[in-house]
Amino acid sequence: MQYRRNRRRAPRSRGPALLVIALTLSLLPFAATASGDDPAAAGQANSCIECHSNPDFLVTAKKLYDYYQDWEISVHHQEDVGCEDCHGGNSEARDKKGAHGTEVSGGLTAGSAVSFENIPATCGNCHDDIYAGFRESNHFGHLVKKKQEKQGPNCVTCHGSMNTTVLNVNTVEQTCQRCHNEQTANHPEIPDKASDILNRFLSIQRYYRYIGIRGDPAETQAFFAVMDERVRDLSVLWHTFDLPKIDKETRFVLDLLKTKRAEVRNLKRAENP
């Protein structure tokens with residue numbers, strides 16, 4: 001099965017790094033930029049869209065109708081990620097058999113690109129750096145359920161599928177508690193720790209904004225060149241779910257930002273005594 005790879009990425013600048021912070025380590029900053037070849041926008045036929053946007057599906061195939069509606073308002077649609085990119089098939093074929101071919105199958109089908117255990121690799125076709133981090137996690141090691149063992153989460157477990165969501169300080173605790181709670185006795189301390197780390201990211205966001213607004217661009221350029229890389233790396237590190245390591249790195253980044261903010265503040269006071 002062939003999938004679209006090596007999608008274009010945005011230039012690495014302070015803007016994307018700030019977006020990483022604002023979205024609290026989401027997959028989104030690492031999504032590809034739109035290629036401008038959206039078949040629908042260009043007036044080209046796309047059989048996936050033509051068929052699955054049919055309002056008759058609201059009655060005859062509600063699940064498929066909801067999938068399309070979620071995709072239509074998603075960042076995946078905005079970034080020109082179509083059905084065929086994840087499910088396979090041929091969006092240019094004019095009949096169902098030709099469009100689906102032998103590739104398109106549901107998530108319960110063994111070997112499907114959207115089966116539970118294969119979803120991370122499918123997402124990794126675009127989010128390759130995030131996938132690399134996830135492969136280092138205990139979650140990845142438990143994707144395939146073994147005897148007397150609970151199955152681990154995949155990307156969809158936390159982010160959803162078509163119209164993805166981003167965990168933030170208000171939602172991460174509840175999400176982690178689905179598996180990590182007193183009833184399961186599966187590290188019930190994790191939700192609080194994860195929430196504390198994302199709280200720290202809010203502080204990182206505030207310091208970033210302060211330095212960006214108040215600092216002299218010429219003077220802060222070199223500082224942001226280093227910090228942007230560290231912040232982007234935090235997104236990958238988050239998906240390893242190595243909380244002690246993430247905690248250490250976020251504290252280090254925050255300390256650097258605090259020091260820089262103090263420098264900027266002192267310069268402003270010197271300019272306006």
Side-chain angles (χ1 to χ4, degrees), residues 1-5 7 23 26-28 31-32 34 37-41 44-127 130-131 134 139-140 142-145 150-168 170-172 174-179 239:
M1 187 179 297
Q2 297 296 318
Y3 304 104
R4 190 180 303 177
R5 293 178 180 270
R7 302 176 66 84
L23 294 178
S26 74
L27 298 178
L28 302 185
D37 58 354
D38 184 343
Q44 301 171 14
N46 184 306
S47 58
C48 301
I49 294 175
E50 290 178 357
C51 181
H52 289 274
S53 63
N54 188 337
D56 289 347
F57 276 11
L58 178 60
V59 176
T60 60
K62 180 67 163 55
K63 190 173 183 179
L64 292 179
Y65 178 84
D66 288 343
Y67 280 160
Y68 174 78
Q69 296 299 317
D70 284 346
W71 172 80
E72 190 174 38
I73 61 173
S74 73
V75 70
H76 288 129
H77 180 203
Q78 295 171 19
E79 300 291 354
D80 186 34
V81 178
C83 309
E84 69 279 8
D85 288 302
C86 300
H87 294 271
N90 180 6
S91 63
E92 297 179 359
R94 307 312 301 159
D95 62 281
K96 179 178 178 180
K97 183 177 180 180
H100 285 194
T102 59
E103 295 180 341
V104 176
S105 57
L108 297 179
T109 304
S112 167
V114 291
S115 66
F116 191 91
E117 63 271 18
N118 288 336
I119 280 176
T122 299
C123 296
N125 286 325
C126 292
H127 305 282
I130 300 296
Y131 179 51
F134 182 67
H139 287 168
F140 181 81
H142 292 282
L143 274 178
V144 180
K145 186 177 181 180
K150 297 292 185 180
Q151 191 170 38
N154 63 17
C155 313
V156 172
T157 308
C158 299
H159 296 288
S161 52
M162 304 295 181
N163 187 21
T164 54
T165 57
V166 179
L167 295 183
N168 58 52
N170 296 316
T171 59
V172 67
Q174 182 179 4
T175 301
C176 294
Q177 282 175 346
R178 296 172 187 169
C179 300
H239 288 86

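Just so it is clear, the structure is predicted and the values come from calculations on it, not from any experiment.
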Item to check | Shortest non-hydrogen separation from Asn118 to Ser112 and the atoms involved | outcome: ND2-O, 2.9 Å
Checklist entry - Which atoms form the tightest heavy-atom contact between Leu143 and Glu117, and what is the distance? => result CD1-O, 3.8 Å
Item to check | For Arg178 against Thr157, the heavy-atom pair lying closest together | outcome: NH1-O, 2.8 Å
Next on the checklist: Looking at Val81, is its backbone amide N or carbonyl O close enough to the side chain of Trp71 to form a donor-acceptor pair, meaning the two atoms are under 3.5 Å apart?
Outcome noted: yes
Checklist entry - Out of curiosity, Cys123 SG to Asp85 CG, how far, rounded to the nearest 0.5 Å? => result 12.0 Å
Checklist entry - Would you say Cys48 and Glu84 make side-chain contact, with heavy atoms under 4.5 Å? => result yes
Checklist entry - Any side-chain heavy atom of Gln151 sitting closer than 4.5 Å to one from Phe116? => result yes
Next on the checklist: Test your reading of the model: is there a side-chain donor-acceptor pair from Ser47 to the backbone of Ser91, 3.5 Å cut-off?
Outcome noted: yes
Checklist entry - Excluding sequence neighbours, so at least two apart, what forms ring pair (Phe, Tyr, Trp, His ring centres under 6.0 Å) with Phe140? => result Phe134
Checklist entry - Can you name the ring pair (Phe, Tyr, Trp, His ring centres under 6.0 Å) partners of Tyr65, sequence neighbours left out? => result none
Next on the checklist: I'd like to know whether CZ of Phe57 has more than 12 heavy-atom contacts from other residues, nucleotides or ligands below 6.0 angstrom.
Outcome noted: yes
Checklist outcome for this item: dist Tyr131:OH -> Cys155:SG (nearest 0.5 Å) comes out at 9.0 Å
Next on the checklist: When you compare the side chain of Gln78 with that of Val75, does any pair of heavy atoms fall below 4.5 Å?
Outcome noted: yes
Checklist outcome for this item: Which of Leu167, Thr171, Val172 passes side chain to side chain contact (heavy atoms under 4.5 Å, CB included) with Cys158? It is Leu167
Checklist entry - When rounded to the nearest 0.5 angstrom, what distance separates CG in Asp70 from NE2 in His77? => result 13.0 Å
Checklist entry - Atom NE2 in His100, atom NE2 in His87: separation rounded to 0.5 Å? => result 9.5 Å
Checklist outcome for this item: All heavy atoms of His76 vs all of Thr164, minimum pair found to be CE1-CG2, 3.6 Å
Checklist outcome for this item: Closest heavy-atom pair, Ser161 versus Val156, reported as atoms and distance to 0.1 Å, is CB-CG2, 4.0 Å
Checklist entry - In Å, rounded to the nearest 0.5 Å, how long is the span from NE2 of His139 to NE2 of His239? => result 11.0 Å
Item to check | Inter-residue atom distance Ile49.CD1 - Asn54.CG, 0.5 Å rounding | outcome: 13.5 Å
Item to check | Where Asn163 and Ile73 come nearest, the two heavy atoms and their spacing | outcome: ND2-CD1, 3.6 Å
